[in-house]
Amino acid sequence: MNLHDKPFDETTITKLKLFEDYAQAWIPTFIMQSYVKEIHIFDFFAGTGYDLKEVPGSPIRLIEKIIEQRGNIFQKKIKMVLHLNEFDKGKHELLVTSCSNRLKQENGMYLYVKLEFYNKDFGVLFPELLPIIKKYPSLVYLDQNGVKFLSNQYLKQLESTKQTDFLYFAASSYIRRFGELEEFKNHLSNIDVEELKNTHYHKVHRILTKQLQKNISSNSNLKLFPFSLKKNIYGVIFGASHFSAFNKFLNIAWKYNGKNGDANFDIDDETNIGQLSMFEGPRLTKIEAFQQQVRDKILNRDIKTNKELLNFVFENGHIGKHADECLREMKNQKLITYNSKSPCVTYDSIIKNKIVHYEKI
């Protein structure tokens, strides 16, 4: 399907905004680091720049986020390189025109911002650019409807990088539906298609991401987070290797949906959660169930500090606020105490080495 033959639909806009919001959070992080002199962003399936109604696609949105940081870029003299690839020749020509024209409208930006255009197959271009991805702080977008880029070949290469965050758009429901076909099997040896077929349609992207995480070596810091998109149940997979990135992405995701944080719809049917089952009793919301886990971990002494707790928070796809609320309640109930005014379940506390110890009363 050629996404640019018609206007972007609502699901595509949500995906683009998610890409855009993460870029907005990511770019200044590295610009403000004194040791960083060069930053690279890669959009391997860039499209034309705009849809038929002139709504900006990912490359234009990236340029806009770079322009927002022009003051810091000029002050720090940071070199920014935006790598834009489009395999379709006609689209590639439009991409070059639209992005070049937009950047030229900003006086002086070409002194520090460079646009690199490619008209290549991803399978050829990715290994060519991998040395750059490994060398510099990099943000990688893989916005493609297919499935072959979910193979271990690419995930392992991204896992080996040190300062790379990536967002991958996956056609999860297609894998559930067609995963047993030979053309799919060739790329999905790391995927349990049978489990996906036995998974509720709405949750297939969530389970797919968990499967991919299991294929990552246990000693790796790389973590994958899903964000499901309702139309046909596609989804974004976010990957990174450090607390700062987890914190940024999860806070963005939970702002999109305060009920579940990993979908743009009510994936867990929490709207009907008040309807009691005769046999099972009341069902907990996703946040309530997580907070019960936190409570048990603290009381069982499996988690003793805010650093351990924040790691548990991120591993379960939540934000610090959810655990913070739980610990404050536990303190009010005189179940625990801690050596601080607050539980400090925040990335800022950890980066400042403010370690808080939780003690059971």
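All values reported here derive from a predicted model rather than from experimental measurement. Atoms considered below: every heavy atom in the structure, side chains included; atoms not considered: hydrogens, waters and symmetry mates.
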Is the closest side-chain donor-acceptor distance between [X] and [Y] under 3.5 Å?
{"X": "Asp165", "Y": "Tyr22", "value": "yes"}
{"X": "His205", "Y": "Ser172", "value": "yes"}
{"X": "Asp9", "Y": "Thr12", "value": "yes"}
{"X": "Ser220", "Y": "Ser217", "value": "no"}

Practice item. Could you pull out the closest heavy-atom pair between Leu84 and Cys99, with the gap in Å? Key: CD1-SG, 3.7 Å

Review point. Under 30°, 30 to 60°, or over 60°: which ring-plane class applies to His40 and His83, parallel, tilted or perpendicular?
Key: parallel

Practice item. Could you check whether the rings of Phe290 and Phe312 sit parallel, tilted or perpendicular, using 30° and 60° as the cut-offs? Key: parallel

Review point. What about Tyr168 and Phe45, are their ring centers closer than 6.0 Å?
Key: no

**Study point:** Check: Phe314 ring centre within less than 6.0 Å of Phe243 ring centre
**Key:** yes

Practice item. Flag yes if Leu103 and Leu95 sit in one hydrophobic cluster, no otherwise; membership is Ile, Leu, Val, Met, Phe, Trp, Tyr, and two members link when side-chain heavy atoms are under 4.5 Å apart. Key: yes

Practice item. Tell me whether Leu94 is reachable from Leu82 by hopping between hydrophobic residues (I, L, V, M, F, W, Y) whose side-chain heavy atoms are closer than 4.5 Å. Key: no

Check your understanding: Who are the side-chain contact (heavy atoms from CB on, under 4.5 Å) partners of Lys134, not counting sequence neighbours?
Key -> Leu130, Ser160, Thr161

**Study point:** Results of side-chain contact (heavy atoms from CB on, under 4.5 Å) for Lys307 - residues two or more places apart only
**Key:** Thr305, Ile350, Ile355

Review point. Salt bridge or not for Glu194 and Lys197, using N-O below 4.0 Å?
Key: no

Check your understanding: Do Thr14 and Lys17 pass the side-chain contact (heavy atoms from CB on, under 4.5 Å) test, and can you show the C-alpha distance, the side-chain angles, and the key distance before you say yes or no?
Key -> CA-CA 5 Å; Thr14 301; Lys17 284 184 65 64; 5.8 Å; no

Revision key, fill the gap. Paired with Lys286, the salt bridge (Lys or Arg N to Asp or Glu O under 4.0 Å) test is passed by just one of Asp262, Asp266, Asp268, namely Asp262

Check your understanding: Would you say the side-chain atoms of Trp26 pair up with the backbone N or O of Ala245, donor to acceptor, closer than 3.5 Å?
Key -> no

Study note, to complete from the structure: The ring pair (Phe, Tyr, Trp, His ring centres under 6.0 Å) partner of Tyr154 among Phe166, Phe44, Phe122 is Phe122

Output the distance between atom [atom1] ([X]) and atom [atom2] ([Y]), rounded to the nearest 0.5 Å.
{"X": "Ser98", "Y": "Ile60", "atom1": "OG", "atom2": "CD1", "value": "4.5 Å"}
{"X": "Asn198", "Y": "Asp192", "atom1": "CG", "atom2": "CG", "value": "8.5 Å"}
{"X": "Phe225", "Y": "Leu250", "atom1": "CZ", "atom2": "CG", "value": "5.0 Å"}

Determine whether more than 12 heavy atoms belonging to other residues, nucleotides or ligands lie under 6.0 Å from atom [atom1] of [X].
{"X": "Lys331", "atom1": "NZ", "answer": "yes"}
{"X": "Phe87", "atom1": "CZ", "answer": "no"}
{"X": "Lys297", "atom1": "NZ", "answer": "no"}

Review point. Cation-pi between Lys15 and Phe169: NZ/CZ under 6.0 Å from ring centre and within 45° of the ring axis?
Key: yes

Revision key, fill the gap. Residue pairs passing the salt bridge (Lys or Arg N to Asp or Glu O under 4.0 Å) test with at least one member in residues 92-103, sequence neighbours excluded, are Glu64-Arg102, Arg102-Glu106

